[in-house]
Amino acid sequence: MNKMQKALHELSEMDELAARSTPLHALHPAAKLITTIAYILVTLSFNKYDLSGLVPMVLWPVLLFQISDTDVRSCFYKLRIVLPLVMAVGLFNPFFDREIILRVGSVGVSGGVVSMITLMLKGLFCLMASFLLMATTKIDNLCAALRSMHFPSMLTSLLLLTYRYVGVMTEELAVMTEAYHLRAPGQKGIHISAWGSFLGQLLLRSMDRAQELYSSMRLRGYHQHFHFAANRPFNGRDALYAACCILFFLLLRFISISQLLGGLFVR
Amino acid sequence: MIEFQNVSFAYEKDRYVIRDLSFRIEKGESVGLIGANGAGKSTVMKLILGLLQGEGKILVDGTEVRKETLGVIRRKLGFVLQNSDNQMFMPTVYEDMIFAPLNYMMSHEEADRRVDEVLARLHLEDLKYRYNHKISGGEKRMAAIATILAMEPDAILMDEPTSALDPYNRRIVINTIRELSQTKLITSHDLDMILDTCGRVILLSGGRIAADGPAEKILKDRALLEANRMELPLSLMGRM
Ligand SMILES: Nc1ncnc2c1ncn2[C@@H]1O[C@H](COP(=O)(O)OP(=O)(O)O)[C@@H](O)[C@H]1O
Ligand SMILES: [Mg+2]
């Protein structure tokens, strides 16, 4: 397998992860969607210096990894490309914000460093939560849930088509890189002089294939929107799950766990 | 079932790849469409399906293929693409198979019933929950045929159904095609397969019909086939 084929394989692995059956998979997609969005909102709402408040938020994803029997390593492996990008957001904070706000032993820590770490953690947590949603919910069911929340059909269909289309494009990329390397043995990557024609070809080829795919869909009765298999009804258990999770987030947000713990020991 | 009346078609202006083509395929007939590369076989299929629009008249089950009738017509036709990778786009075989029935407003239970019935008929029960990216080329072709059968079409169009298959899978596909009772139009360079599955053959050359008649007769005509860059089916060579 070359790199691209591996990438493709990983992409389809998400479908397989999502098709497993664990208590978390069994929950209604809407319940998982709502809690994930709530989690992300709460996580992002922490003050940029509130590192000690933010850290306990990690509990939820950790718990979900356990319940859904998902390998944490596979999460980090799959996120390895986007993770650095998201984490890079706060990289310049230490240069702008040099005021010392915290002392660890004799070392002063500036506000910039604290806010950088906070931002990085926020990015990490949000990505983990999104990954867990995708790893426990089939994209079709997720789209069906969005539909039932009156999300426009155009958008859900677009979402699904994009999801599938990325696969097609990666597949073409796999074939083309292979063909390139067979004719340029020992060369690492693709020479810059070939980038233009390579990208042009990729676009044309994946457009051709997308066109065929789309025809094949239309020939089978597809007409502007997907008929997502209806999700089962939202039941009490789903509501309980969502309510408990959101309550948990709010507790973490408004009650400082570290202070509570601190209070226990310092008498 | 399918009728062409003086159909012409050009992808680019004035470069006709189908020229004044007329033929008629009756209900229940199995017709092999053969011809050299670029003879226009795939184009004929796309014209029938309304993916391309040409000059002249094409009738499917008495209805003219036009923009307004596409919905009705496509429901009657099942098209097995040459490249199954472009046909199977859902994660699993099962999801691909219920795609068309659901689009045609069938209930989920009814769609499930059809899927099980088709898979049992083709002895493919094992494929149901397999992932499309994890099955072999031969299995994928069979799965593609299964998705089309789940639509219960009146006529089946297949573009080179045995290309890129090994002899074993090729044999399975041929046996499957032989068992289908629908009207069939099959393009191929695999003349042995055509001989095995079709009673009638239409030979295309430069967008025109070069020959049309019983498979036994046309596929035995060495001079005609060689003039069209094809060879006698192996199974007929000995008998000459
Ligand atoms: N999208 C296209 N644009 C322009 N020309 C095309 C296109 N598709 C096919 N052709 C041309 O039309 C002719 C018939 O093609 P096709 O029907 O695919 O042949 P066959 O399936 O018999 O090999 C060929 O000469 C081919 O080059
Ligand atoms: Mg062709």
Side-chain angles (χ1 to χ4, degrees), chain A residues 1 5-21 134 137-141 143-144 157 160-172 174-175 205-232, chain B residues 42 45-46 48-52 67 70-92 94-109 111-112 115 129-135 144 147-153 155-157 159:
Chain A
M1 273 205 277
Q5 279 163 321
K6 263 201 203 119
L8 184 68
H9 190 72
E10 272 178 49
L11 212 67
S12 12
E13 261 174 15
M14 284 311 285
D15 283 325
E16 281 180 61
L17 280 178
R20 294 168 304 152
S21 59
M134 297 306 292
T137 317
K138 284 192 194 168
I139 181 91
D140 305 63
N141 297 351
C143 288
S157 295
L160 194 70
L161 278 177
T162 313
Y163 192 77
R164 302 262 171 263
Y165 184 67
V166 170
V168 169
M169 203 138 131
T170 332
E171 223 169 273
E172 281 313 311
V175 173
R205 289 175 57 138
S206 48
M207 262 164 60
D208 267 357
R209 281 204 52 192
Q211 182 70 45
E212 279 245 307
L213 268 174
Y214 189 62
S215 309
S216 134
M217 286 167 54
R218 278 194 308 168
L219 292 176
R220 287 195 271 156
Y222 174 77
H223 187 72
Q224 274 164 22
H225 46 252
F226 276 88
H227 289 271
F228 301 109
N231 286 313
R232 62 167 177 76
Chain B
S42 301
M45 297 235 162
K46 288 178 186 159
I48 299 172
L49 295 159
L51 291 173
L52 301 172
K67 211 167 176 176
L70 282 185
V72 188
I73 281 172
R74 286 179 177 169
R75 192 159 182 173
K76 297 181 180 175
L77 302 172
F79 182 42
V80 181
L81 272 71
Q82 180 169 1
N83 185 348
S84 310
D85 283 329
N86 292 348
Q87 181 171 338
M88 310 293 285
F89 58 91
M90 300 293 268
T92 63
Y94 165 73
E95 284 160 294
D96 241 307
M97 287 184 74
I98 57 170
F99 181 71
L102 292 186
N103 280 336
Y104 289 126
M105 299 297 165
M106 198 174 285
S107 74
H108 226 265
E109 294 74 40
D112 278 348
V115 167
Y129 293 115
R130 297 275 296 281
Y131 284 87
N132 279 324
H133 66 279
K134 281 194 173 167
I135 56 182
T147 43
I148 295 310
L149 290 182
M151 288 172 68
E152 299 189 348
I156 298 183
L157 314 179
D159 202 356

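These numbers come from the heavy atoms of this one structure, side chains and all, not from hydrogens, waters or symmetry mates.
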Working to the nearest 0.5 Å, report the span between OG of B/Ser42 and CG of B/Asp159.
3.5 Å
Ignoring hydrogens, what is the shortest heavy-atom contact between B/Pro153 and B/Leu77? Give both atom names and the distance.
CB-C, 3.8 Å
Look at B/Tyr104, B/Phe79, B/Tyr129, B/Tyr131 and state which one has the largest set of heavy-atom pairs under 4.5 Å with chain A.
B/Tyr131
Can you say whether A/Glu16 sits under 4.5 Å from chain B via the side chain, the backbone, both, or neither, judging by heavy atoms?
both
At a heavy-atom distance under 4.5 Å, which candidate from A/Ser216, A/Gly221, A/Ala19 has the highest pair count against chain B?
A/Gly221
Of B/Asn103, B/Asp96, B/Thr147, which is the lone residue that meets side chain to side chain donor-acceptor pair (under 3.5 Å) with A/Arg220?
B/Asp96
Region of B/Leu51 in contact with chain A, defined by heavy-atom distances below 4.5 Å
side chain
Quick one: what part of B/Asp85 sits under 4.5 Å from any heavy atom of chain A, side chain, backbone, both or neither?
both
Roughly how far, to the nearest 0.5 Å, is CE of B/Met45 from CG of B/Leu52?
13.0 Å
Any donor and acceptor pair, going by atom type alone, linking the side chain of B/Gln87 with main-chain N or O of B/Ala144 inside 3.5 Å?
yes
Heavy-atom contact with chain A under 4.5 Å, split by part of B/Met90
both
Classify the ring geometry of A/Tyr222 against B/Phe99: parallel below 30°, tilted from 30° to 60°, perpendicular beyond 60°.
parallel
Is B/Leu70 in contact with chain A via its backbone, its side chain, both, or neither, using a 4.5 Å heavy-atom distance?
neither
